Amino acid sequence: MLGSTGSIGRQTLDIIAEYPDRFRAWLLVARSSADLLIQQARQYRPHMVIIADESYYEYVQDALADTDIVVATGTSAIADAVTAPEVDTVVTAMVGYSGLESTITAVQAGKRIALANKETLVVAGELINRLLEGSETVLYPVDSEHGAFYQCLMGERHEDIDKLWLTASGGPFRTMPKEQLSTVTAADALKHPNWAMGAKITIDSATMMNKGFEMIEARWLFGIEPRDIEIVVHPQSIIHSMVAFKDGSIKAQLGLPDMHLPIRYALGLPEGRLASDCRKMTIDDMAMLTMERPDLDKFPLLGTAYEAARRGGTAPCVMNAANEIAVAAFLQNRIRFTDIYNIIEKTMADMPLVEHPNYADYVASNAEARDYAARLVQQVTI
Ligand code: MG
């Protein structure tokens with residue numbers, strides 16, 4: 001489990017605890033949340049834990065000295081551990097670009113992947129798909145929308161697909177007038193109406209960048225052109241996405257807005273569904289399901305994501321890098337909400353595009369775009 005202390009990581013451990021005969025966490029990896037990693041290690045008794053930030057290594061090692069759990073640190077330790085024969089499934093739940101390298105390692109090692117780190121496909125979907133072609137690896141989406149597409153596409157032929165309807169809650173500012181967006185705070189943006197998630201994705205959800213990312217993620221997962229993926233705002237988050245077929249029929253997947261559901265589904269594959277005592281949906285939950293068009297004027301990053309997908313190459317990598325820098329700055333109250341838009345637009349306009357990138361090009365492009373966006377952040381005065 002890569003990213004065990006984040007929101008998806010913690011919920012995945014809930015599922016592992018729910019089916020002790022079926023799953024065992026063999027490896028837990030955290031970036032810097034040392035105390036929670038120690039607590040998880042004591043509770044789930046993995047073979048090994050890795051704290052990626054080396055400055056916490058001794059602290060974690062001392063805390064687990066009375067156990068037989070192996071403690072390691074650093075990125076090369078992650079790569080080694082992920083390829084171990086005891087690992088059959090890798091849950092990729094780290095945040096942002098940092099997920100790319102270890103996901104590539106897991107693909108190359110032929111591990112089954114439960115993919116929760118969408119940025120991996122946003123940044124380097126073309127590269128990941130090339131690697132998947134020559135390997136036995138299967139990639140199961142953990143994102144609720146992509147889990148929905150996956151389920152709707154079961155038993156269907158690719159050539160019968162007309163388009164994908166990607167649903168979006170619209171986030172906390174769906175009904176707020178556009179003019180007020182420049183004054184919202186990080187605390188306002190962190191109040192998501194339906195989903196309990198980590199801070200970074202919650203801000204991405206408020207700007208709707210998250211939906212742009214998911215469009216690109218869907219493109220690579222299901223081989224559908226961006227022009228055939230349409231975003232529909234569905235504020236109740238009960239319909240997790242839909243597929244329209246060429247005969248005019250539409251299939252939708254429904255469920256409560258709880259990430260345990262798509263995690264449980266992904267971990268059950270390929271055998272089938274894992275029965276659960278979780279709360280089940282009632283008529284009241286689905287009594288009022290509404291749909292509306294996204295406001296592209298108020299949420300320009302949706303258009304930016306389609307433009308990045310159209311340009312291809314390193315354009316989505318640059319967009320993602322600028323977003324990570326801008327969102328971090330917004331969370332520290334260093335820039336306004338609407339500055340996130342401006343920083344991403346300007347970084348994309350000014351960074352060079354590599355049309356057919358290899359891995360080194362992504363690394364360089366990510367570093368360059370982050371530096372550039374960080375300079376733009378410094379120029380903002382609020
Ligand atoms: Mg999602």
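The structure presented is a predicted model; accordingly, all values stated were derived computationally and were not measured. Values below: every heavy atom of this structure, side chains too, minus hydrogens, waters and symmetry copies. Whatever order the structure lists ligands and atoms in, that order sets their numbers, starting from 1.
Within Asp143, the N, O or S atom lying nearest to the Mg ion (ligand 1) carries the name OD1. Among the heteroatoms counted here (N, O or S) of Glu145, OE1 is the one nearest to the Mg ion (ligand 1). Taking the Mg ion (ligand 1) as reference, the nearest N/O/S atom within Glu214 carries the name OE2.
For the pair Thr167/Met242, a side-chain contact is recorded, criterion being any heavy-atom separation below 4.5 Å from C-beta on.
Using modelled atom types, one finds a donor on one side chain and an acceptor on the other under 3.5 Å when comparing Arg273 with Gln151.
Within a 6.0 Å sphere centred on CD of Glu58, other residues, nucleotides and ligands contribute 12 heavy atoms or fewer. In Met154, the CE atom is crowded: over 12 heavy atoms of neighbouring residues, nucleotides or ligands sit closer than 6.0 Å.
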